[in-house]
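What follows is a single structure, written as C-alpha cells, with notes after it.
In the text below, chain A, chain B and the rest are named by the order of the sequence lines, each starting its count at 1.
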Protein chains: 2
Amino acid sequence: MPLHLSLPMMKEPEFFESRENLFSHFSQYIRLSPALQADLADKIAIVHFRKGDTVHDTSRVCRESYFIRQGLLRTYYLKDGKEISEYFSAEAEWVNSPRSFMQQQLDIYSIDALENTEAYRLKVADLGYLFDHYPEMERYARLSMGSLFGHLIERITSLRFTSATEKYAHFCQAYAGLHHRIPLGMVASYLGIAQETLSRIRAR
Amino acid sequence: MPLHLSLPMMKEPEFFESRENLFSHFSQYIRLSPALQADLADKIAIVHFRKGDTVHDTSRVCRESYFIRQGLLRTYYLKDGKEISEYFSAEAEWVNSPRSFMQQQLDIYSIDALENTEAYRLKVADLGYLFDHYPEMERYARLSMGSLFGHLIERITSLRFTSATEKYAHFCQAYAGLHHRIPLGMVASYLGIAQETLSRIRAR
DNA sequence: CCCGCCATTTGACCCAGGTCAAATAATCAT
DNA sequence: ATGATTATTTGACCTGGGTCAAATGGCGGG
C-alpha cells in the first residue's frame, strides 16, 4: 500500500513560522550556520497526515524521517495479529522506523497518525548529504540521541519491577499531557498489560 | 570511596596489540586518520580491575568511559536495598554510567567487575577534545550509538509480552556466550524475575 | 438523527510467577 | 584443608493480573 500523504498547501507566512520551529530545535544543540540553514530549508518539506493515515508500513524500507510540528503519531508492530504500540511521538520529536531508517532494511514497525499531523520530512539521502557536509549535524545527531537514551533506560526500569498501577503512573508522568490523546487499548499494549487491567486501574 | 584500579604494567608488544584492538573497532565505523590515531593513543590509558572491584559508584559524577579489552563489567543500581543489574558489558563494548557521563551529573548507577578486566580508559574531557577536533569522532559516536538502540528496543519488546521462560531464552541469545559467566541472581534481576523462578526455569 | 462498528467496562475464573522459609551447594579467606 | 559466608535450589503457599465472555458506551458516516 502506497504512502498516503497530502502535499503542503500553506501560505508563506505560516511556512516561515514553521521552519523557524525546526531551526530553533536545532539551535538547542548546535549553532546553525547560515549555510547549513539554507541547505536544511532546501531539503525539508512539510507534509500533512490525516488521522488514521499510514505514515510508514512494513512493506517498504523507511527512507524518510519526520519531525512533528503538530499532531501525534504512533509506531507499532503486529504480534499474533494484534497491534502492539511501541511508542508515541508528539510535537518536536523525530519519528521513523529506527532500524529500517538507519540500516535501510525492512523491519516490523509501522507508523500511523492518531491525530491530524503536520510534520517536516527529511529524506535519508538528504540526511546523508547533511552529515557529509556539516560536522555539526553529526554532533546534533549524537546529542539528541543521547537524551533519547535516558528515556529508553528509564522505560526498561519501569517495565521490570513495577506493578501495572505503577507502570501506568510512570506512563502518565513520562507522556505528561499526552495520555488523554491516546486510546486506552493502545496505552495498554504500550505498557505490556491487558486492556481490561488498565481499564480497572483507571476506575480506581 | 576512591576508585580502585591498578596501573598498567605491560610489556610493550602486548600493549601495542591492545591498542590495535581498539583501533580496529573504530575502523569498523570510520576511517582513522594518522592524526586522530596519534591523538587517541595519547588520550587512552589501559587500566585493570580485579573481580569485585568497584569501577564507578553513585557518589561521584562519571568522568571516564571504558572500552573493555577483556573481562566483564556490570552496571547496577539499588532498589529497596537490593542490587538490580541493569546490564552486562563484555569485550569490545564501551561502559560508563550513561546519564552521569553524558550530562556530568550524579546518577543511580554503579559499575563493578564480575571478572578480572582489562580496559581502555578515556576521560570525558579528552573525549570532548576529540569531538571538537575530529568530526569523524562525532560520526563514530552517532553510528555506534545507533546499533545500541536496536538492542534496547529489542529488550523492551522482550520485557513486555513474554513469559519468564521466553525472557531467559532471549537473554541467552542476546548475550550468547556470556550467560555462563554471570551469576544466576544477577541474571534474574536483569530480567526482572525472581531468582527462584529463574532457578526453576533452568532446571527444566 | 440513526445505525453499525469499535472502544471501553465489568464479571468470573485461573495460573504464572512472586514471597517466605529452609536446605544444600559453591566460594573464599585464613 | 576447614569453617564461614554467599549463591542456588527446593517446597509451600498466595495474589496480581491475564483470559474469555458479555454488556454498555461513543463516534463517524450516511
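- Salt bridge A:Arg74/A:Glu83: present, at least one basic N to carboxylate O contact under 4.0 Å.
- Counting any heavy atom pair closer than 4.0 Å across all strands shown, B:Lys167 reaches no nucleic acid atom.
- Ring centers of A:Tyr190 and A:Tyr76: at least 6.0 Å apart, outside the cut-off.
- Rounded to whole Å, the distance from CD on B:Glu115 to C1' on C:dT27 is 16 Å.
- Computed from coordinates, the A:Leu191 CG to D:dG17 C1' distance equals 14 Å when rounded to whole Å.
- Distance A:Arg204 CZ to C:dT9 P: 12 Å, rounded to the nearest Å.
- In this structure, the CD1 atom of A:Ile84 is 12 Å from the P atom of D:dG18, given to the nearest Å.
- Side-chain contact between B:Phe149 and A:Leu152: present, with at least one pair of heavy atoms (C-beta onward) separated by less than 4.5 Å.
- The distance from atom CG of B:Leu114 to atom P of C:dT27 is 14 Å, rounded to the nearest whole Å.
- Side-chain contact check for A:Tyr87 and A:His151: no donor-acceptor pair (N or O, by modelled atom type) lies under 3.5 Å.
- Spacing between atom CZ of B:Arg160 and atom P of D:dG18 amounts to 13 Å, rounded to whole angstrom units.
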Identify each atom pair where a protein N or O and an N or O of nucleotides 8-13 of chain D are less than 3.5 Å apart, giving names and distance.
| from | atom 1 | to | atom 2 | distance (Å) |
| --- | --- | --- | --- | --- |
| D:dT8 | OP1 | B:Leu184 | N | 2.8 |
| D:dT8 | OP2 | B:Gly185 | N | 3.0 |
| D:dT9 | OP2 | B:Ser199 | OG | 2.8 |
| D:dT9 | O5' | B:Ser199 | OG | 3.1 |
| D:dG11 | N7 | B:Arg200 | NH1 | 2.9 |
| D:dG11 | O6 | B:Arg200 | NH2 | 3.2 |
| D:dA12 | N6 | B:Arg200 | NH2 | 3.4 |

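- At least one side-chain nitrogen or oxygen of B:Lys51 sits closer than 4.0 Å to the OP1 or OP2 atom of C:dC28.
- Rounded to a whole Å, the CG atom of B:Asp80 is 15 Å from the P atom of C:dG18.
- In this structure, A:Glu138 pairs ionically with B:Arg139, as a charged nitrogen and a carboxylate oxygen lie closer than 4.0 Å.
- A straight line from CZ of A:Phe161 to C1' of D:dG16 spans 16 Å, rounded to a whole angstrom.
- Across A:Arg69 and A:Asn21, no two heavy atoms sit closer than the pair NH1-ND2, 2.9 Å.
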